[in-house]
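The figures that follow rest on heavy atoms only: side chains count, while hydrogens, waters and symmetry mates do not. Predicted, not measured: the structure shown is a model, and the values here were computed from it.
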Amino acid sequence: MMNIGSSNDSEAVKAQYATSKGLNTRLSFHDKYSTNKLGYGNWIVSNYEIHEGMKVLELGCGTGSLWMQRDELVSKFGKFVLTDLSEGMLATAKGNLGERDNMEYMVADIQNLPFEDNSFDVVIANSMLYHVPDIHKGISEVRRVLKDDGVFYTSTLGENNFTDRLAEWFKLGGESFNPNHNFTMQNGEGILKSAFTDVEARFYEDALHVTDIEDLVEYLCSLASFKAILDIPVHKLSDILKDHAVDGAIDLPKEYGLFIAKGTSVLSSSYSIK
């Protein structure tokens, strides 16, 4: 049985991200019910400082949705390489974003990047570092392919999120609730400092106000890392959620953010790939 949050399990990750269907379900759910209407993706991009001609690498690009309707920004990139572990995701991203002279799509693993040293001005990895089995190796590879003055942008979850609230409601504990805290807004700075000297954390203020409980049930069923919840019959999930609704709606906390990492740490050599 897969634990809640055990999303650093390689088979779980492959199952959850093999196609874009489940990811699209999750993205549309957050778009619909998040209280901060700026949108997490819009906020993430607003933190990027990407200038004309820069070479940009995205790791774990998923469906490419972050870059949709951002033609003006993408056209500035000198080179833009979008990578993912999943060929299915890359196919969806290519369908969403199309082909450009300055864009390239490829399957790549952050733990063994197929690029020369000092290749990129910017590396981006959103909501994916907590999936990486050897996170220090992955971060070391990011530092290696970045130019000396390059910047690494990586978004992630906090440890005070709606998964904890739901685990309490569904009476999940012990082995059935093991949230993935491999890389969070709370511990990410220390992890990144294994390879970077200058690390800044920025938090995104948000919450969920869910007015259709069946949408929440569908969302939970799209999460491979919520296998323990999937063992509960769907009608029972609905009943439990309805018990916690106020005026027909459910409010849940969200804690997300972004790290901006620069500079070479003297510790990074400890994890460098030889």
Query raised in the report: Given N47 and Y204, is the side chain to side chain contact (heavy atoms under 4.5 Å, CB included) satisfied, shown in steps?
Result: CA-CA 11 Å; N47 287 280; Y204 178 64; over 6 Å; no

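- Using modelled atom types, one side-chain atom of S46 and one backbone atom of W43 make a donor-acceptor pair closer than 3.5 Å.
- In this structure, the separation between CG on D198 and CG on L192 is 11.0 Å, given to the nearest 0.5 Å.
- Here the CD atom belonging to E104 is positioned 9.5 Å from the NZ atom belonging to K94, to the nearest 0.5 angstrom.
- The side chain to side chain contact (heavy atoms under 4.5 Å, CB included) check on V122 picks up I50, M54, V56, I124, Y153, with sequence neighbours excluded.
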Query raised in the report: Yes or no on side chain to side chain contact (heavy atoms under 4.5 Å, CB included) for F203 and L258, after CA distance, side-chain angles and deciding distance?
Result: CA-CA 6 Å; F203 282 82; L258 175 77; over 6 Å; no

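- To the nearest 0.5 Å, atoms CH2 (W169) and CG (D164) are separated by 12.0 Å.
- Taking 4.5 Å as the limit, some side-chain heavy atom of D212 sits within range of a side-chain heavy atom of Y33.
- With a 4.5 Å cut-off on side-chain heavy atoms, V199 and K193 count as touching.
- In this structure, R100 pairs ionically with D71, as a charged nitrogen and a carboxylate oxygen lie closer than 4.0 Å.
- In this structure the side chain of N42 reaches within 4.5 angstrom of the side chain of R70, judged on heavy atoms.
- Among all heavy-atom pairs drawn from F152 and A125, the shortest one is CE1-CB, 3.8 Å.
- Side chains of T154 and T156 form no contact here, defined as non-hydrogen atoms less than 4.5 Å apart.
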What side-chain donor-acceptor pairs closer than 3.5 Å can you find for residues 248-257, not counting sequence neighbours?
residue : atom : partner : partner atom : Å
D251    : OD1  : H209    : ND1          : 2.7
K254    : NZ   : H30     : ND1          : 2.9
K254    : NZ   : S34     : OG           : 2.6
K254    : NZ   : D206    : OD2          : 3.1
E255    : OE1  : E159    : N            : 3.0
E255    : OE1  : N160    : N            : 3.0
E255    : OE1  : N160    : ND2          : 3.2
E255    : OE1  : Q186    : NE2          : 3.1
E255    : OE2  : N160    : ND2          : 3.3

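- Judged as a side-chain hydrogen bond (donor to acceptor under 3.5 Å, both in side chains), and not counting sequence neighbours, the contacts of E200 are R202.
- Expressed to the nearest 0.5 Å, how far NE2 of H244 lies from CG of L166 amounts to 9.5 Å.
- The closest donor-acceptor contact from the side chain of N161 to the backbone of T163 lies at 3.5 Å or more, if one exists at all.
- In this structure, the side chain of N102 does not engage the main chain of K79 through any donor-acceptor pair within 3.5 Å.
- The minimum heavy-atom distance linking N126 with S155 is given by the pair OD1-OG, 2.9 Å.
- Remark: D101 CG is loosely packed, at most 12 non-hydrogen atoms of other residues, nucleotides or ligands lying under 6.0 Å away.
- Distance alone, capped at 3.5 Å, is enough to place a donor-acceptor pair between the N187 side chain and the T184 backbone.
- Between K55 and D121, none of the side-chain N atoms (NZ, or NE/NH1/NH2) sits under 4.0 Å from a carboxylate O, so this pair counts as no salt bridge.
- Among all heavy-atom pairs drawn from R144 and L113, the shortest one is NH2-O, 3.0 Å.
- A 4.5 Å side-chain heavy-atom check between L146 and T264 finds every atom pair outside the cut-off.
- Sorted by first and then second residue, the pairs that involve residues 78-97 and meet ring pair (Phe, Tyr, Trp, His ring centres under 6.0 Å), not counting sequence neighbours, are W67-F80, F77-F80.
- Side-chain atoms of E58 and T83 include no donor-acceptor pair closer than 3.5 Å.
- Here the closest non-hydrogen pair linking I135 and N182 is CD1-O, 4.1 Å.
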Report task. Carefully, step by step, assess R165 and E168 under the rule salt bridge (charged side-chain N to carboxylate O under 4.0 Å, His left out). Result -> CA-CA 5 Å; R165 184 72 53 82; E168 180 185 327; 5.0 Å; no

Query raised in the report: Checking side chain to side chain contact (heavy atoms under 4.5 Å, CB included) for the pair L59/L57: CA distance, chi angles, key distance, verdict?
Result: CA-CA 7 Å; L59 304 168; L57 169 66; 3.8 Å; yes

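- Looking at M103 and L97, their side chains come closer than 4.5 Å, going by heavy atoms from C-beta outward.
- For the side-chain hydrogen bond (donor to acceptor under 3.5 Å, both in side chains) test, no residue two or more places apart in sequence or in another chain qualifies with S75.
- Put simply, the side chain of D84 gets close to the backbone of G62: a donor and an acceptor are under 3.5 Å apart.
- Contact of the Y48 side chain with the V151 side chain is not registered, since no non-hydrogen atoms from C-beta on lie closer than 4.5 Å.
- The heavy-atom pair separating G64 from A93 by the smallest distance is N-CB, 3.9 Å.
- In terms of heavy atoms, L237 sits closest to C221 at CD1-SG, 4.4 Å.
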Query - Pair D117-V145, side chain to side chain contact (heavy atoms under 4.5 Å, CB included): steps then yes or no - result: CA-CA 4 Å; D117 296 2; V145 303; 5.9 Å; no

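- Looking at heavy atoms from C-beta onward, Y105 lies out of side-chain contact with V81 at the 4.5 angstrom threshold.
- To the nearest 0.5 Å, atom CE of residue M128 and atom SG of residue C61 are 10.0 Å apart.
- Ring to ring, F259 and F183 are close: their centroids are under 6.0 angstrom apart.
- For the atom pair CG (D247) and OG1 (T211), the distance works out to 12.0 Å, reported to the nearest 0.5 Å.
- Applying the salt bridge (charged side-chain N to carboxylate O under 4.0 Å, His left out) test to every pair with at least one member in residues 28-43, sequence neighbours left out, gives these pairs: K32-D215.
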